[in-house]
Each structure stands twice: as C-alpha cells, then as structure tokens.
Amino acid sequence: MDDQTIVFVQGDVPAGFPSPATDYLQKRIDLNEYLVRNPLSTFVIDCSGLSMINAFIAPKAKLVVDKSVNAQNGHIVLAVVNGEFTVKYLKKNKHKCWLVPANSKFSQIEITPEMDFQVWGVVTKIINDPSENRCLL
Amino acid sequence: MFALVDCNNFYVSCERLFQPKLYGKPVVVLSNNDGCVIARSDEAKALGIVMGTPAYMSEGLFKQHKVKVFSSNYTLYGDLSDRVMKILASFVPKMELYSIDEAFLDLSEMLYHDLLDLGIKIRKAIMQNLGIPVTVGIAPTKTLAKMANRYAKKRFKDVGVFYAISKELINEMLQATDVEDIWGIGKQYAILLKRNGFRTAKDVTKIPAEWMRNKMSVVGLRLWNELNGVPSIEWEYKPKDKKNICKSRSFGFSTSDISILREAVSNYAAICALKLRNQNSTCRYVNVFIHTNPHKPELKQYQGSITLQCEKETNLTQDIIGYALKGLDIIYKPGGYIYMKAGVMVLDLVTENAVQLNLFDQRDRSKEKQLTATVDKVNTEMGQDTVRMAVQRFERRYRLRAEKLSKKYTTDIKQILKVKI
C-alpha cells in the first residue's frame, strides 16, 4: 500500500517551447495518502448493517481501520466482544465502558468484567459507495 | 549488542488476528498441500501435537480436541511479515531478515539507549500496530541473542523480553540451555558434545578452544566464540542470491494424464525463470523430475529425472519451459503410472552480464529479452501470470490442496474482513 510509483511528466521537450507549467508541477493527489495515515497498521474492512447509520456508515460500507490509534471516548471502533467483531462508538469514563450504536433501534452494550473485550482498531475513514446503497425514489 | 525478534507462533497469530474467537483455542497451520503441521498455538502444543506430523495422522486428535486447522495462507503471512519488518526497521539503523518471522537487529550503534526498554517498546509497538505478539532476546552475539529469545519464551513469557546484560544473566541462560538447543549446532555435533560429557551450553563455553577446533572444525570454534560473547557470525543485510532454484510440489491429487503434468511443469518452469530474472541470473542446466506416490507401495512406482544442458545460458520463460517440457517427454512413462509430484530445477547459475556471446547464435536475443521484460512489467502491474505462455493454461488443474485456506484479508479487496454491525 505504501509502495506507490508516481509517474512524473517531465517538462523537457526536444523541440518547441518549454511548458509554462513546468515550475508549477506538483504531485497528483494520492487518495491513499489521504485515507491511510499509517499504512503499516491500517486495514480495510467491509461492513454491513444499520446500527451505525447515524454515524454516516451506510448499510454497506468499507471502513479504514488503524490499529495504531489509541481508542478515546467518542471514537468509532472495531471491537471484539466475546470473539465477535462489531463496529460501534466507544463511550468510556473512569469506571465503565460501553459500545454505543448510532441508531435508536439498537441498544448499547455495557462492557462488564466477565466479557472478553478488546478494541481491535479505530475507524479512521468511512468509504460509502452510492452504487452499493441505492435509494428507491 | 544484538537482538533477535521472533513472532510467537507467527502463522497462528496471523490467523487469529482476523478470527479472534480462536484466542485460547488450539490452532494449527498445515504446510503446502495440507501435508504436515508447520505451526501450532500454545494450546495445540499442550495437546502434544508435534511439529511436522503428517495431518492425516493427527485427524483423530484434531477432531477430539476441536483443533482449528488452517491451510497455509502465505499471501497473508507475507504481508503481515513485511509490516512487522518495516516496523522493526523504524527502531534500529541496521537489521537482518532471518526468516519470515524473525529478524536480527544490530544494536551496536545504540550505545545510549536502555536496551531492555527498547525491547519492551518494540514488543509493544508490534502488538499495538499489528496485534502480533513477539519475543525479543538481547545479547552480545547472534547465537546468544537467539538463545536469549528462547529463554525469554520459556522463563519470561509475560514480559517477552530477555536482556542478557551481565555475566550472571548470560551464565544463568547458558546453564538452562541444552547443547542440542544451541542455534546452528547440528545433530551430529550435539551428539558428539554429549558423548564427551558436555550437557549444557555453559559446559561448551568451558571447553578448550583447541578441542573445539580439532573435533568440530572452524564451525565449532566460531560457535564457541559466539557462546563466549565474541561476535563471529557475519551480517547479511541483503539476502544472498540463490545457487540453484527449484520449484516442485505434490499435486492435490494423483494423475497419469501427461497434459496435466505438462501444465504443472510449464508453470513451475515459468516461476523458476521469473526468479532467475529477479536476481539477474541465468542458468546453464534445467532439471525436471516426476514421481509416483512412494507412500502407496501397492501402486506401480517410478521416479524419473533428467538434466538438460541449455544451448546458451538463459533466463527466458520460453526457453526454460521448452527445456523442461522436452525433459518431461523423455522421462514420462505411460502405462498405469500414477504421478503425484513434479518439479523443475534450474542449475549452475551465472550472473546475467557474465554471459558470453556466441558467434553462431541465430536468435535475436535482445528482442526476446525486451519482450520478456515487457511481459514481466505487465505482470507486476496487473497481477501475476496475467500474460503467460499458452502451455501454462488457466485452470491450474494440478492445483494444491488448500481446503482450509483463510481469506487474503490484506491484499485482495474482495476478500477483506466482513463485519455485520
């Protein structure tokens, strides 16, 4: 993911006038750079479901997950609860910790000591593809 | 000072990362073609599953203890290994990749660092960034670092780091290590040492240098120096070019169909040719071999192998495939032989620019080379074997058995982790 080759267009032309843009050439926008801050610790996942719809995670979406980020209160996290993956808001205070959905039809999960709980990574970008989430007009 | 960083049960750790319900459960990974056990979780080790056991012999045990079995997913392990190594590289100026899951770090330039703290940081960073547990052994030589790593796994599992900083700590570790567990000792020398009453690594350090040289040659002396804290093993920052390249596999099934053999052999030959080009080598000889299943004595047995000399040193796919298929036609025996394995080897390698020109050469080799380079470029960009020789075909009818293969979670967008939320 981090070994991208970017081809530069050189301003040298064997004949004719040099391009006036030569001095202003910049690297073309690389979405990888924008979407992935830490390539070594970043993974992409597919998720489906409605529980995070109000957090702008469409029913079908790809999520960019960075494991290197320390999960804070309010982060959207990819968590593992009793061996199963889920994506929710992380809510925590000094004493307790919850996984909170962004949809009132779902209920929040309180993390108790007897649960096997782990934050796998923090969701750093959400990629929604309109063609996968058609709205019936 | 040197550090050896080793990923714990690496293949199992990779599988667990994407299937977290397997933590705490027995897991094994099988070799290519689902042959033998090549990685075990601690729980599987505790069940008495031994490294290298043929899978079919353990099936009962697997079933009884609900062992989760995986085919080896080298695409996944390779990517995660690459990430581990790159994270390690961010900590030290020099390192050597020792295997897919181990690396030596050169700490000689890190005089002002607290190395124990560095070891702990490395371990934490890889755990946090990748979720892969590693163990770090730090000591004055490579051999001792390897030993320190092993010792850490045995004695300080929770810390995961052992820093053999003082004479006392080194002695403690040497005393706890049997001679056969010394890195690079070899079976024969281990037996020789034991027969002479040297039981632990500590005993070996007390042997007179003369004795080591006489009985165990320079290899033994080097080992003795390493154990006594004198670095004697050279660093290999770049992997060495291979002397021979071999590609061989058992098929997922047995066959007497020569067309399947031809397909397999030409694919193996193409891989050899590509590997040659990647290290800028050419070969003088091409060897091809096939054999029947030796574990089924009730079937007719045959092993055929032939080595052909190339007209001229080459690394072109069409040439290597040509020789391999010519060889196959010679050794193939029809009439009821059922083959289960084929292989291609390229031998006597010479670097590309050392190749001599031939006055009577009729072929336009520069043109062929250009074509091959173009094909390689297309395949690098578009994916392996996008452009291939017709004889390689597309079906991979000889394909390996990999029934319990996990997904390519990190390299194929269609196979990424799926989560219901």
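On a predicted model such as this, the values are computed, not experimentally measured, just so you know. We name chains A, B, ... by the order of the sequence lines, and we start the count at 1 in each one.
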Item to check | Beyond-backbone contact of B:Gln128 with A:Asn70, side-chain heavy atoms, under 4.5 angstrom | outcome: yes

Checklist entry - Which distance, rounded to the nearest 0.5 Å, do you find between the CG of A:Leu40 and the NZ of B:Lys86? => result 6.5 Å

Checklist entry - More than 12 foreign heavy atoms under 6.0 Å from NZ of B:Lys153: is that the case here? => result yes

Checklist entry - Are the side chains of B:Leu417 and A:Phe43 in touch, meaning some heavy atoms are under 4.5 Å apart? => result no

Checklist entry - Can A:Glu84 and B:Val419 be said to form a side-chain contact (heavy atoms from CB on, under 4.5 Å), step by step? => result CA-CA 9 Å; A:Glu84 299 295 334; B:Val419 177; over 6 Å; no

Checklist entry - Does NZ in B:Lys377 sit with more than 12 non-hydrogen atoms of other residues, nucleotides or ligands closer than 6.0 Å? => result no

Item to check | A:Ile57 portion near chain B, given a 4.5 angstrom heavy-atom threshold | outcome: side chain

Checklist entry - Between A:Lys67 and B:Leu17, is any pair of side-chain heavy atoms under 4.5 Å apart? => result yes

Item to check | Neighbour count >12 (heavy atoms, 6.0 Å) for atom NZ, A:Lys60 | outcome: no

Next on the checklist: Show the nearest heavy-atom pair for residues B:Arg83 and A:Thr42, with the distance to one decimal.
Outcome noted: NH1-O, 2.8 Å

Checklist outcome for this item: Listed by number, the residues in residues 109-133 of chain A that come under 4.5 Å of chain B (heavy atom to heavy atom) are A:Trp120

Next on the checklist: Give me the atom names and distance for the closest heavy-atom approach of B:Ile416 to A:Ile45.
Outcome noted: CD1-C, 3.6 Å

Next on the checklist: Please identify, among A:Cys47, A:Ser48, A:Ser51, the residue contributing the most non-hydrogen atom pairs under 4.5 Å to chain B.
Outcome noted: A:Ser48

Checklist outcome for this item: Output for pair (A:Ser68 OG, B:Ile87 CD1), nearest 0.5 Å, gives 8.5 Å

Item to check | Neighbour count >12 (heavy atoms, 6.0 Å) for atom CZ, A:Phe56 | outcome: no

Checklist entry - If you check every heavy atom in residues 72-82 of chain A against those of chain B, which residues fall under 4.5 Å? => result A:Leu78, A:Val80

Item to check | Smallest separation among heavy atoms of A:Gly83 and B:Pro20, with atom names | outcome: O-CG, 4.0 Å

Checklist outcome for this item: Under 4.5 Å to a heavy atom of chain A? For B:Leu22 that would be neither

Item to check | For the student: nearest non-hydrogen atoms of B:Ile421 and A:Lys88, plus distance | outcome: C-NZ, 4.2 Å

Item to check | Proximity breakdown for A:Val69 and chain B, heavy-atom pairs closer than 4.5 Å | outcome: backbone

